[in-house]
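Notes follow the structure.
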Number of protein chains: 2
Amino acid sequence: MLEARLQEAALLKRLLDSIKELVTDANFECNEEGINLQAMDNSHVALVAVKLEATGFKKYRCDRPMPLGVNLNSLTKVLKCAKDDDICIIKASDDADVLNLVYEARSSDRIAEYDMKLMDIDAETLGIPDTEYDARVTMTASEFTRIVRDLSQLGESVRIEVSKEGVRFASEGEAANGNVLLKQTEAAREKYANYGKEDEEAKEEDDEDDEEGSSSKKKIKKEKNMKKEDADVEMEGEDEDEEQEEFKPKSDDEGEEEQDEDEEDKKSSKKRKKAPAKSNGKPAKKVKKSDETPTDGGVLIEMNQHVSLTFSLKYLVNFSKSSALSNTVQLMMSNDVPLLVSYKFGQGEIKYYLAPKIGEE
Amino acid sequence: MLEARLQEAALLKRLLDSIKELVTDANFECNEEGINLQAMDNSHVALVAVKLEATGFKKYRCDRPMPLGVNLNSLTKVLKCAKDDDICIIKASDDADVLNLVYEARSSDRIAEYDMKLMDIDAETLGIPDTEYDARVTMTASEFTRIVRDLSQLGESVRIEVSKEGVRFASEGEAANGNVLLKQTEAAREKYANYGKEDEEAKEEDDEDDEEGSSSKKKIKKEKNMKKEDADVEMEGEDEDEEQEEFKPKSDDEGEEEQDEDEEDKKSSKKRKKAPAKSNGKPAKKVKKSDETPTDGGVLIEMNQHVSLTFSLKYLVNFSKSSALSNTVQLMMSNDVPLLVSYKFGQGEIKYYLAPKIGEE
DNA sequence: TACAACATTG
DNA sequence: CAATGTTGTA
């Protein structure tokens, strides 16, 4: 039996907006620690992993692990029936074949209840090794959104190059080539001094991180990350995972074409839905206009060595939709391994993995 | 000869936006009391009745009754040529085959004039008996809009059920079922205490009554209202029907037609409102977002008995466009008879009738 | 993907 | 009051 009470339905709404174009069906894996969702995009090029911590809920109870197979389009529709500030209660009984969502207006004078059919989806949870990366870039989500959206107008892919001085995004296209260099700045260093470290304090909104004037613990954290310095980190990390297979996406370039249909190597199953894997540039202004980070520029670079990888912009643009969930994004890279794009928000985190293009053009 | 001077062209513009999708051609029946329009939607399932009172015009003159056959698309186009705050003068001579519209800027430094061709439309004014309903629900127009739009995502129809505790809207669909319960609240009771109360007294006071401040008369109104409430408000209303044919739409699902002529059972006295208990007159609110009722929730329920009816959401969504005309909407229902959805605005009222679906699916 | 409506800004 | 941008809907 699952019962989770969320203070604001908006979180779920935004979460679904973030991933629904990438994935059509997925299991919400619920256990006592929270809710996790992991799925490859429809063309099996990218992987999305969402984590919602039990502690982030106003109330959370999950007696035993249960996977809830959900069609994300249906869930999106149902969530649209909630007002942003509604309290949202999610319930599913053990033998659940429906997910029960209750929206309660703050004033309690309106209670809406929805039952959504669940489906069986073959659990295809992949082992995602907790890799260490050679470079980590921390920047504002809006800036990242802007850059990939801008560059996507020029070409199909972007080369991301990280060096001590900063990070460069470069694209080449028919009509024009372009590149954006974000320099590492002192301001950014302070701003993200302890971003995403421990989960205790940064719990809130990340927003506060922007205001950080204190530059004390900065040093330490940063070092922790710089430790690893050998190249070619294989994404194997620990194997404590069960017998799952690993995340081995097809090299980006290829996967592009196929959508739906694909039987591919995925033995997913039952109710598969067709879904256009299109990418469209969705701006990011959402979140809270309020804290339009004054110091919107600058990035924090943490690295062991230069990295230079090329990715499909289409996916990055898609990932950037998550800027509705957080003001900050982190890009983790090592040469020749999938990029990890991470958005942390109070309640949890959403991670996207994308394999680099091989024959860098 | 007709000449009507409207203070704000915006009213007409909004009115047309409300009905133009439902009806393409209709007669504006003009007489000394004002202008009425009545028409069935294109599939003859719903009926729209608009009333613009002569007194609502800055100036109004109509020597003798005359029907002006108008193509609503044309009128919409012509009205788009008016600025919202233009003064709008409508003129038609007795032998009219054109409708003359004059838009006068407030500053009088601009005068635009348009002539729109009229057409002959078979008068098919139906007699709409001034029915008494078993239940009346008063709520914010925006909430109603929101609910029907939400539910229309799930299914084709909605079951509306009214009980003392509130009103429930329920829909069933492929992917999910949903229902929204709006509870009757004390706040709502006060808010609508004398909604539609009338011309004599509440003329200006209506709004104030909402304020907690004025405690004196508020009390009274409130009691008046609650009394009925508790005792199962009798929704009496005079049954002064006449001999006209009645509005007998085909059960929503099907379609049929029926026509007749004759004016409503509105007889003599202009000012007279055959009003259901306490509904009538007073405009809802500003219509403009201005006073986005803080207490947006809650409904006022007045009923004699439980009612439960099923309607096509498509039409309700369409009706809800009238929220541009009023902040408040009233739903009047009795089992097995057409639903009446009414929006009252300063100048008049727009009423929609929709037959219930029979074999509730 | 395109169109319409709403909100915001100048 | 008009224009533009953004959001939501078909």
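By convention in this document, chain letters (A, B, ...) are assigned in the order of the sequence lines, proteins followed by strands, and residues within each chain are numbered from 1. Quick caveat, the model's predicted, so the values are computed rather than measured.
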Donor-acceptor under 3.5 Å (A:E349 side chain, A:Y343 main chain): no
Round to a whole Å and report the spacing from NZ of A:K13 to P of D:dT7. 14 Å
Provide, to the nearest angstrom, the distance between the CG atom belonging to B:D17 and the C1' atom belonging to D:dT9. 16 Å
So, B:Y114 versus B:Y103, ring centres under 6.0 angstrom or not? yes
Would you mind reading off the distance between A:L79 atom CG and D:dT9 atom C1', rounded to a whole angstrom? 17 Å
Distances under 3.5 Å between protein N/O atoms and the N/O atoms of nucleotides 1-3 of chain D, please, pair by pair.
residue: D:dC1; atom: OP1; partner: B:D85; partner atom: OD2; Å: 2.7
residue: D:dC1; atom: OP2; partner: B:D85; partner atom: OD1; Å: 2.6
residue: D:dC1; atom: OP2; partner: B:D85; partner atom: OD2; Å: 2.4
residue: D:dC1; atom: O3'; partner: B:K83; partner atom: NZ; Å: 3.4
residue: D:dA2; atom: OP1; partner: B:K83; partner atom: NZ; Å: 3.3

Determine whether a donor-acceptor pair (N or O, by modelled atom type, separation under 3.5 Å) exists between the side chain of A:R14 and the backbone of A:A324. yes
Atom-to-atom span, CZ of B:R149 to P of D:dT7 - whole angstrom: 16 Å
Answer yes or no: is there a donor N or O on one side and an acceptor on the other, between the side chain of A:D41 and the main chain of A:S43, under 3.5 Å? yes
Output the rounded distance in Å from CG (B:N318) to P (C:dA5). 12 Å
If you count heavy atoms of other groups shown closer than 6.0 angstrom to CD of B:E156, is the number above 12? no
Could you label the plane-to-plane angle of the A:F169 and A:F144 rings as parallel, tilted or perpendicular, counting under 30° as parallel and over 60° as perpendicular? tilted
Over how many whole Å does the gap from A:R146 atom CZ to D:dG5 atom P extend? 13 Å
Grab the NZ-C1' distance between A:K321 and D:dT6 for me, whole Å please. 15 Å
